[in-house]
Amino acid sequence: MYLEPWNTADEISIVLSEINTQVPGHHWTCHEIGNGNINFIYLVEDGEDQLIVKKDLGFARINPIEFPLSEDRLGYEYKAYLAYREVDQERIPVIHFFSSEKSILCMEYLHPHVSLREGLLSGKVYPRLAEHLGAYLAKTSYLRSKYHLSRDVWEEEVAKFSQNTGTRQIILDLNFTEPFSSCLRNSWSSPELDSIAKEIAEDPLIHTVVQDLKYRFLNDLETLSHGDLHTGSIFVTPDDTKIIDMEFATYAPMSFDLGMLFGNFMMAAFAADAHGLDRMQIIETTCKTWDVFAKTLEDLWDVPSLSYEEKISEVWLDTLRLAGVEIIRRTIGLAHVADFESIQDRTKKTAAEKKALEFAKKLLLDACPNSQDLFEQLQLATQG
Ligand code: SR1
Ligand code: MG
């Protein structure tokens, strides 16, 4: 029998003791509500007020043995919230306190928000999402970047996140390395995807592009990146958008968050038909997010030594390639997504996954020139 290496009752009593110290004068109760790969999340309430507590036990819940995590991981998440709140308060939840001794981060309870992945899978439409995400990504990626900060401040910021090594190693392994090798942790719908998985594993051009992205992820410390910006890290209502789960925060290329987000939008679009949902609104949101991002970045851009045109072309190309990496790692690597996994009909599931993988190969090798072209290509590729 597999024993969970934690005791929920003990954890709840640690959370309650810390909350009663930090926020006294309430009759707090606490229960666990998380179901993610890594975190333990508790809702703490007293009938009137509600708080969210995130607790780090020093390992990832998905596999405590293979994924030990640095004890101060939540400290990096806390620093990232503070850094991002300096440049875009609207999109970042309020943080109440962080206890490094107890590995507890306490923040605003986002309500009636749901995760964007859940919202898209239930067919909800978010008319302001692209505007919110495009502006958030431009503001945070420019205003926390080496292009905007003074050299001294940028170096201090890079140093602040440089020891977040446990989560950076997960990105290197799960995003850039394992899905492109014969790693035993990989899994895919077999036998249906066997031949495309083999094609990807054996394509030298794909390997060259992915190696280059991996090298630049480690060495182009352009800006503060969320590091895990998939649709489960975004909480939404039709009017509001909030970004959460920043434990992977690290300095990285400007395209890293955009690429992961676009890969997740695209998987939602490829899965939509099988769920009986409208894929076009997801494709429109993807392309509009880019357009808002590019326009907001152009308005902010003030870098004498590098033209906006040069930078935006590079970010576009890398965003599409990183979206390709994200689709591949979520389909044939270790950590899959509910968009595909929740499709009950096996034929529909594997057909959607196969189309997404074909599109990912295209993104890696032969990117679309602009967002209008991406719109048309996605519309065609996701057709039933
Ligand atoms: C071991 S963690 C698996 C995945 O969950 C996180 O959200 C990241 O995306 C990571 O790759
Ligand atoms: Mg997460």
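All ligand and atom numbering here is 1-based and tracks the order in the structure.
- We find that Glu192 and Arg346 are joined by a salt bridge, their nearest charged nitrogen and carboxylate oxygen being less than 4.0 Å apart.
- Using modelled atom types, no side-chain atom of Asp273 and backbone atom of Arg279 make a donor-acceptor pair closer than 3.5 Å.
- Residue pairs meeting the side-chain hydrogen bond (donor to acceptor under 3.5 Å, both in side chains) criterion with at least one partner in residues 297-308, sequence neighbours excluded, are Lys295-Asp299.
- Residue-level contacts of ligand 1 at the 4.0 Å heavy-atom threshold are Asn37, Ile38, Ile62, Phe67, Leu174, Asp228, His230, Phe248, Arg329, Arg330, Ala335.
- Of the inter-residue distances, the one linking Asp245 atom CG with Ile41 atom CD1 reads 6.0 Å to the nearest 0.5 angstrom.
- Salt-bridge check for Arg330 with Asp339: failed, with every basic side-chain N at 4.0 Å or more from each acidic carboxylate O.
- A salt bridge links Lys54 and Glu77; the closest N-O separation between the charged side-chain nitrogens and carboxylate oxygens is under 4.0 Å.
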